[in-house]
Amino acid sequence: MNVLNVAEKPSVAKSVSAILSRNQGLRVREGRSRYNKIFEFNYTIRGQPCHMLFTSVTGHLMELEFQDRYRKWHSCDPADLYHAPINKSVPEDKKDIKRTLEEEARRCQWLVLWLDCDREGENIAFEVVDVCTAANPHLTIKRARFSALIDRELHQAVQNLVDPNKWFADAVDCRQEIDLRIGASFTRFQTMLMKDAFIIDTATDDRNLVLSYGPCQFPTLGFVVERYWEIQAHEPEEFWSINCSHRSDEGTANFNWMRGHLFDYTCAVIIYEMCIEEPTATVTNVRQQEKLKYPPHPLNTIELEKRASRYFRMSSEHTMKVAEELYQAGFISYPRTETDSFSSRTDLHTIVREQQGHPEWGVYAQRLLDPEAGLWRHPRGGGHDDNAHPPIHPTKFSPGESGWSQDHRKLYELVVRHFLACVSKPAVGAETTVEIDIAGELFSACGRVILEKNYLDVYQFESWGGSMIPTYTVGQQFIPTSLTLDSGVTRPPPLLSEADLLSCMDKEGIGTDATMHDHIKKLLDRFYATKDASTRFTPTNLGEALVMGYDDMGYKLWKPYLRAGMERDMKSISEGTKSKVEVLANILQQMKACFLDARLNKVKLLEAMAIFFERSNRSGSDELHATGEVVRRCGLCQESDMVLRKNRDGHFMVGCLGFPQCRNAVWLPGSVSEAVVTTNICNFCTPGPVYLIQFKFRQLEIPPNYSANHLGCIGGCDQILTELTEICGTGSRMQARNRGPTAPTSNVHNTNPRQGVCMNCQETGHSSHDCPLHSRNVRHHGTSQHSGEASVSCSSCGTPCLLRTANTANNRGRKFYSCQSQECNFFVWEDSLSNGTGGRNVTRSNSIPAASNPRRGGRAPRGRGGRNGSRTTNMTFVSATGEPISGRRCFVCGDPSHFANVCPNRGV
DNA sequence: GCAAGGTC
């Protein structure tokens, strides 16, 4: 009997053939496809002697496509793509594999499928069945189920052949069809909508620009944009903490306040003054513990990508390319695996033994194998298993090949060191924690001594810092060397790094381990996001506008929910609890409704895009370009007229006809229901003539003391119009962004210097920080705001600082600079720059000479240890500039006659 | 010119 065996990839065909034939009588011949060889050997299945022909495909053999009539973008309405007929067929570049299968199938009686044992593998199995049975309808179809390419497993699989699982294959058919229909319809719709309407200045040729939508790429973009918005919405808040250090002969211990930090300055100051009053520290607890730092789990694809990004700043896409090449050359195992635990049958020692000769880690490998060294430990698994591939590990020793690039070397080194680390004992450290009490406040310091480095000796990508602190005993008392009240401001989270992005995708089930890097690369290719040198992602204007547009519609198409829901349905199909037909009909119906609704609301997308991009003249139907009644000559460009217009959403504005070259515009109150230009001319505004406008306001939207009818002037003289603009707001787009749970709540967003006009109200003639609407919002929201351009550079990292205004109880209106860098905490009060007391970690501590303290003698002892009435201290209190501070004053009001805790102004 | 999933 002739048996045709088909694997998912050439490497599996080769391995299985070698194992089943035990390399006895194994022959190889070429197939029609260059990569997919045919192996031949004899084998006995359940007593029946068989001649085995073993070949392979390369992943999916077929592709899903719309029928020809629907392929051209303008051939149909994109909404038709939800029901347009589709074909599954073998594409041109797979035709030679198809021919091999057909030819071999004709000679065989049985077809045994050796595809990977996951849903995609099962689907590929049915593609192979379709091709083979078309050539030979009499074939008996069987499936081999195996979970690893190991002797026993494979012999068992071939002796216990089963039927292929149609449910698994159905789930994939369903996913493919949904992805195609949704992706094609939304991509065509949004590309055709935007490309002609705006001047989208990306690096690519305009004609090649595609604004793609996909159920994986869009949620990936969503993660990037969401984090970006979170950063923009962040409002820095000051906090205060008390820190204590103690220097002795043995060294210095830095004690942290166990309260962490307080946001209330007065409260922090009062506690601080209590500590200054009775500064003697008493050691209350000394704890010693052994701590272990464990090596990482065995390496799977996502971890490989994350670690290569973190350690070498290699992109996930490049990592997979290099890993694939190392795999093809036989140096590492299959790089696309979810598995992060080794099977108990894997011979780990042999893999280590091969590495003994390496000049850098060979000695470590020898130590691992030496039972006396006691370094070996069976690796801990991370609980993931794809039942097809082992964790990524070295398969062949190499001291470095001549053809390798630096990246090949680095990645091979990572795989080897990671493997050696996995089978090593954890690092051991001894940690000492000392707690002290100063005037009832608790502080703690921690020191660590590393006792055994173990796996850290070989895994140099990780470190475990050691720090020494002096020896303390419970009950011991000392006077701190310094006791300071330090300030800081809260910082926004950093932009997402590539490793963060992979984690988000992994957690939400976006993409598979083999495709995640593709989706990330797609964001860059489509100009939706950029990546900086430290692998952090920022959305581009295009990326942000698209997400903003769909968000404004109320659709969460950029969130992972859609994919997660689909994934649940696919699971139900593969378990047989739902049918493919049922799920397809349901999802496609929902998505078509969503598509049609999105198209009805396309104005939201256009508005979001208009925030970032200039309108293009190619778009003739845009009512923003419709000519309105002339109000006056434009004072800015002095070339065009300014005309009265009504926006799509019903708001009125007076804009320059020279748009987009001239962006001069006056936005009118949102409460205007009608506006007509009259022939009356303003007597005050110049250059004239400025025609007056007859306004009608919606009565319910204006205060009762204003009239609903008003003959007004937009030239600047009209107080009533100004007031109503302040009260009601305008139809300006940027105003509309400050709402909703995902929209930034801060006007920080509005200081985005992307345009030449005020980002707050879109008017020209001022910038956002002196925008009249802006100051109104400051008062209204009571939040800290960006309030100026950078004029100070950070003394820590050199990045320009932003000047901001604090709005906390004690520092309302006070200006401070904070570093723009995500990594830096630099903060300084503006006024301290002139009086020389500033700097981050401003030392607000004062010395307490007894003579200068008018209240000292009058206070009763507080009964805690360490206080004896006389205060000779070796504490030093200095300003940040290093000058000794003398004298005392209340921190709340500055009065030298009392302390803050009894200040009459406390709490004001 | 469109998706996402396999793979060389």
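Each chain gets a letter, A, B and so on, in the order the sequences are listed, and its residues count up from 1.
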Taking atom NZ as the centre, does K321(A) end up with more than 12 heavy-atom neighbours from other residues, nucleotides or ligands that are less than 6.0 angstrom away? no
Greater than 12 external heavy atoms within 6.0 Å of R29(A)'s CZ: yes
Side-chain N,O ([X]) to OP1/OP2 ([N]) below 4.0 Å:
X: T512(A); N: dG6(B); result: yes
X: H519(A); N: dG5(B); result: yes
X: R175(A); N: dG6(B); result: no
X: T515(A); N: dG5(B); result: yes
X: Y70(A); N: dC2(B); result: no
X: Q217(A); N: dA4(B); result: yes
X: K94(A); N: dG6(B); result: no
X: R526(A); N: dA3(B); result: yes

For a quick check of understanding: with a heavy-atom distance under 4.0 Å over all strands, which category does [X] fall into, base, sugar-phosphate or nothing?
X: Y334(A); answer: sugar-phosphate
X: D518(A); answer: nothing
X: E65(A); answer: base
X: S56(A); answer: nothing
X: E324(A); answer: sugar-phosphate
X: P78(A); answer: nothing
X: G121(A); answer: nothing
X: K522(A); answer: sugar-phosphate
X: T58(A); answer: base
X: G59(A); answer: base
X: L64(A); answer: base

Does anything in residues 562-576 of chain A reach DNA chain B, meaning a heavy atom under 4.0 Å, and if so which residues? R563(A)
H408(A) and E325(A), any side-chain heavy atoms less than 4.5 Å apart: yes
Under the ring pair (Phe, Tyr, Trp, His ring centres under 6.0 Å) test, residues paired with F189(A) that sit two or more places apart: F595(A)
Taking only residues two or more places apart in sequence, or in another chain, which ones meet H418(A) in a ring pair (Phe, Tyr, Trp, His ring centres under 6.0 Å)? Y459(A)
Considering only side-chain heavy atoms of P10(A), which listed nucleotide, dA4(B), dC8(B), dC2(B), is closest? dC8(B)
Less than 5.5 Å between centroids and less than 30° between ring planes, does Y213(A) satisfy that with dA3(B)? no
On the 0 to 90° scale, with breaks at 30° and 60°, tag the F186(A)-Y213(A) ring pair as parallel, tilted or perpendicular. tilted
Value in whole Å for how far the [atom2] atom of [N] lies from [atom1] of [X]:
X: R119(A); N: dG6(B); atom1: CZ; atom2: P; answer: 10 Å
X: F66(A); N: dC2(B); atom1: CZ; atom2: C1'; answer: 8 Å
X: M194(A); N: dC2(B); atom1: CE; atom2: P; answer: 18 Å
X: I97(A); N: dG6(B); atom1: CD1; atom2: C1'; answer: 11 Å
X: L557(A); N: dA3(B); atom1: CG; atom2: P; answer: 15 Å
X: Y82(A); N: dC2(B); atom1: OH; atom2: P; answer: 17 Å
X: L326(A); N: dC8(B); atom1: CG; atom2: P; answer: 14 Å
X: L180(A); N: dA3(B); atom1: CG; atom2: C1'; answer: 6 Å

If you draw the axis of the six-membered ring of Y550(A), does the NZ or CZ of K604(A) fall within 45° of it and under 6.0 Å from the ring centre? no
With the threshold set at 4.0 Å, does a side-chain nitrogen-carboxylate oxygen contact exist between K37(A) and E30(A)? yes
Closest-nucleotide ordering on DNA chain B, the 5'-leading residue of D179(A) and V57(A): D179(A)
State which residue, out of V3(A), N5(A), L101(A), I141(A), fulfils the side-chain contact (heavy atoms from CB on, under 4.5 Å) condition with L111(A). I141(A)
